[in-house]
Undergrad: 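Sharing a structure here in structure tokens format.
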Amino acid sequence: MNMVIAPSLLAADFGRLARETDRVDRSGADWLHLDIMDGHFVPNISFGPAVVKTLRPLTKFFFDVHLMCSRPQILIEPFAQAGANQIILHVELGDQAIVPLMWKIRSLGRKVGLAVNPPTSISLVQPYLDQIDELLVMTVNPGFGGQGFIHETLPKIQQVYAWRQERKLNYRIGVDGGVDFATARDCAQAGADTFVSGTALFKQHSLGAAVRKLRKIVETHDRARTEAPAACTLETQA
Ligand code: DX5
Ligand code: ZN
């Protein structure tokens, strides 16, 4: 699976979002991650569909919309219309909410992501693995950029990687929160292939150079790549 670098707009200069979007567009990254916070599911508020709609004509980038919201049912259509390519829900919403919302996202022709918070058991995502395009492991408690990476989340990445192999599925494995050059390497080694990064990328003078550096690190430590030669050798010997 190719590695995806997704700068998070939350760390951008909100006084110049159009210019910041253009900066991401020219950086060589793959996706733009858009954090939607409602002041209820998380203790912070970010921005809504009107902002996403304003940014949409500025770039062809894949818009990865992460809904940290208690009532996503009222937001899915507005964000789909605003130009979201993927909409990520939280598993903490509970089964009764998730299943119909996933169908809703699909019916609008958008990709479906599922996020899991650090304190939540990873077993909760199991029933949905064959219905999603991305499993997003939260590596901080969501709500704010610039927090420290929670290392205890690494076994979750290993677990969802193992499930993907066992069940021959192809969802992406994303990480979000405190992802910098060092923690991204740990995540890649654990099996992540999609890297959301806000503060670590935007604080660099050259976003392009930072994206290139991050990509090189995660490609070098890509679990799939480092494990593949061993498997080939065994096959050749057999
Ligand atoms: C956390 C958000 C993240 C955030 C990551 O609540 O979901 O996407 O923007 O920011 P950094 O990389 O600064 O931790
Ligand atoms: Zn996010």
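Counting starts at 1 for both ligands and their atoms, following the listed order.
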Undergrad: Cut-off 3.5 Å, no hydrogens considered: what does the side-chain donor-acceptor table look like for residues 41-48, sequence neighbours left out?
TA:
residue, atom, partner, partner atom, Å
N44, ND2, G143, O, 2.8
S46, OG, D35, O, 2.6
S46, OG, M37, N, 2.9

Undergrad: What protein N/O/S atoms are found closer than 2.8 Å to the Zn ion (ligand 2)?
TA: H33 NE2, D35 OD1, H66 ND1, D176 OD2

Undergrad: For a side-chain contact (heavy atoms from CB on, under 4.5 Å) with L67, tell me which candidate from L34, I88, I36 qualifies.
TA: I36

Undergrad: Do F181 and I157 share a hydrophobic cluster (ILVMFWY, side-chain heavy atoms under 4.5 Å, transitive)?
TA: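 Yes, one cluster joins them.
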
Undergrad: May I ask you to check whether over 12 heavy atoms, not counting those of R106, lie within 6.0 Å of atom CZ?
TA: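 Yes.
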
Undergrad: Quick one, list the residues around ligand 1 where some non-hydrogen atom comes in under 4.0 Å, by chain and residue number.
TA: S8, L10, H33, D35, M37, H66, M68, M138, P142, G143, F144, G145, G146, D176, G177, G178, V196, S197, G198, T199

Undergrad: Would you mind telling me which of L154, V218, T194 makes a side-chain contact (heavy atoms from CB on, under 4.5 Å) with C187?
TA: L154

Undergrad: Can you sort out the partners of R110 under salt bridge (Lys or Arg N to Asp or Glu O under 4.0 Å), two or more places apart, ordered by chain and number?
TA: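 By the salt bridge (Lys or Arg N to Asp or Glu O under 4.0 Å) rule, R110 matches no residue at all.
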
Undergrad: Indicate whether the side chain of Y161 and that of D193 have a donor and an acceptor atom separated by less than 3.5 Å.
TA: no

Undergrad: Using a distance-only test with no angle check, is there a side-chain donor-acceptor pair under 3.5 angstrom linking T183 and D186?
TA: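 No donor-acceptor contact under 3.5 Å links the two side chains.
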
Undergrad: Would you call R19-D13 a salt bridge at under 4.0 Å N-O?
TA: no

